[in-house]
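A short worksheet on the structure shown next.
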There are 2 protein chains.
Amino acid sequence: MDDHEFITQLQKLGTTIRELRSARGFSQESFADACGLDRTYVGGVERGERNLGFKNLLRISEALDVEPSELLADISAKSGGK
Amino acid sequence: MDDHEFITQLQKLGTTIRELRSARGFSQESFADACGLDRTYVGGVERGERNLGFKNLLRISEALDVEPSELLADISAKSGGK
DNA sequence: GTGTGACTTATAGTCCGTC
DNA sequence: TGACGGACTATAAGTCACA
């Protein structure tokens, strides 16, 4: 788990969030509002630029109406991926 | 997802981590070493006192040799649970 | 081997904008 | 509607001494 690998995983998470948000017809702004977060922040999360905390992971999964573990379904901690 | 509920979920995560760590025969200290984190920090995580970030979640899942989503298997963002 | 409080530094996260 | 920036405040990261 080097730094590059971590960024890759963060970007995968961001992409997952973006896809679910779009699928639910949210703009970044209305979605940020639903999460109780800032619009510039969720934009950064979707671009994989933000190492978000556990709390915000839960808030986002709640707003998307998915289980938190589903958001990480694509994510692996191993370089090789699974 | 009020504040109390968030703490409950954090504590569940901590308990999950603690159980997996023990099952692997790690002390907090040797486990912290495997994660590249401080002993007191992982102790705080296990007690649900630390709102850990995505990065540390990945480090911990890697050290435990489980998928990140498995660590969240017990976690729900909804008050009612699932 | 673990819990805890205090502490400093890094960064999470907000708010104001512009393009 | 979303990317991006600067300046700010809140809090996570990371470490310590001591119980």
Side-chain angles (χ1 to χ4, degrees), chain A residues 1-64 66 68 71-72 75 77, chain B residues 1-65 68 71-72 75 77:
Chain A
M1 188 68 191
D2 58 22
D3 217 60
H4 168 69
E5 181 62 20
F6 165 65
I7 291 182
T8 300
Q9 300 303 320
L10 245 195
Q11 286 172 342
K12 281 170 70 174
L13 175 64
T15 300
T16 300
I17 291 171
R18 173 163 294 181
E19 286 170 354
L20 291 171
R21 171 180 64 78
S22 300
R24 280 148 182 74
F26 281 117
S27 66
Q28 281 188 356
E29 195 163 17
S30 61
F31 178 58
D33 207 47
C35 296
L37 296 170
D38 193 78
R39 85 187 152 75
T40 65
Y41 181 69
V42 298
V45 169
E46 291 187 354
R47 271 173 270 125
E49 295 167 357
R50 296 291 191 145
N51 173 31
L52 81 180
F54 181 70
K55 186 172 193 170
N56 285 341
L57 192 68
L58 291 195
R59 285 203 204 178
I60 286 172
S61 73
E62 184 175 25
L64 290 173
V66 296
L71 287 182
L72 300 191
I75 309 298
Chain B
M1 186 67 193
D2 59 22
D3 215 59
H4 169 68
E5 181 63 21
F6 165 65
I7 292 182
T8 300
Q9 299 305 318
L10 243 195
Q11 287 172 343
K12 282 169 70 173
L13 175 64
T15 300
T16 301
I17 291 170
R18 172 164 293 182
E19 287 170 352
L20 290 171
R21 170 180 65 78
S22 301
R24 280 150 183 73
F26 281 118
S27 66
Q28 281 187 356
E29 195 163 17
S30 60
F31 178 58
D33 208 47
C35 295
L37 296 170
D38 192 81
R39 159 189 93 70
T40 63
Y41 181 71
V42 299
V45 168
E46 289 187 354
R47 271 172 273 124
E49 294 167 357
R50 297 283 191 150
N51 174 29
L52 80 179
F54 181 69
K55 186 172 193 170
N56 286 342
L57 191 69
L58 291 197
R59 285 203 209 177
I60 287 171
S61 73
E62 183 176 25
L64 290 173
D65 196 32
L71 288 181
L72 301 191
I75 310 297

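Note on naming: letters A, B, ... go to the chains in the order of the sequence lines (proteins, then strands), and numbering restarts at 1 for each one.
Here the C1' atom of nucleotide C:dA12 and the CZ atom of A:F6 are 12 Å apart, to the nearest Å. Between the CG atom of A:D33 and the P atom of C:dT14 there is a distance of 12 Å, given to the nearest Å. If you measure from atom CD of A:E49 to atom C1' of C:dA12, you get 14 Å, rounded to the nearest angstrom. Residue B:Y41 contributes atom OH, which lies 17 Å from atom C1' of C:dA6 at whole-angstrom precision. Between the CD atom of B:E29 and the P atom of C:dG3 there is a distance of 12 Å, rounded to whole Å. Distance CG (B:L10) to P (D:dA13): 10 Å, rounded to an integer number of Å. Distance, B:D38 CG to C:dG1 P: 16 Å, rounded to whole Å. Spacing between atom NZ of A:K55 and atom P of D:dA13 amounts to 13 Å, rounded to whole angstrom units.
For B:S27, taking side-chain heavy atoms from C-beta onward, the closest of the listed nucleotides D:dG14, D:dT1, C:dG1 is C:dG1. Which of C:dT2, D:dA13, D:dG14 sits closest to the side chain of B:L52 comes down to D:dA13. The B:Q28 side chain lies nearest to C:dT2 when the options are D:dA3, C:dT4, C:dT2. The side chain of A:R50 lies closest to C:dT14, out of C:dG17, C:dT4, C:dT14. Counting only heavy atoms from C-beta on, A:T40 has its side chain closest to C:dC16 among C:dC16, C:dT2, D:dG14.
Nucleic acid contact for A:R59: none, since no nucleic acid atom lies under 4.0 Å from a heavy atom of the residue. At a threshold of 4.0 angstrom between heavy atoms, the contacts of B:N51 are confined to the sugar-phosphate backbone, with no base atom among them.
In this structure, B:D3 and A:K55 approach most closely via the heavy-atom pair OD1-NZ, 3.1 Å.
Separation of atoms CD1 (A:I17) and CG (A:L52) is listed at 6.0 Å; rounding is to 0.5 Å. Interatomic distance, CD1 of B:I7 versus CD of B:E49, reported as 10.0 Å (0.5 Å rounding).
Under the Watson-Crick or G-U wobble criterion, with both distances below 3.5 Å, D:dG2 is paired with C:dC19.
Taking 4.0 angstrom as the limit, B:N56 places a side-chain polar atom (N or O) nearer than this to OP1 or OP2 of D:dA13. Residue B:R21 places at least one side-chain N or O under 4.0 Å from the OP1 or OP2 atom of C:dT2.
No side-chain heavy atom of B:L72 sits less than 4.5 Å from a side-chain heavy atom of A:L71. Looking only at side-chain heavy atoms (C-beta outward), A:F26 and A:L20 stay at 4.5 Å or farther from each other.
With the nearest nucleotide of DNA chain C identified for both A:R39 and A:G36, A:G36 has the one nearer the 5' end.
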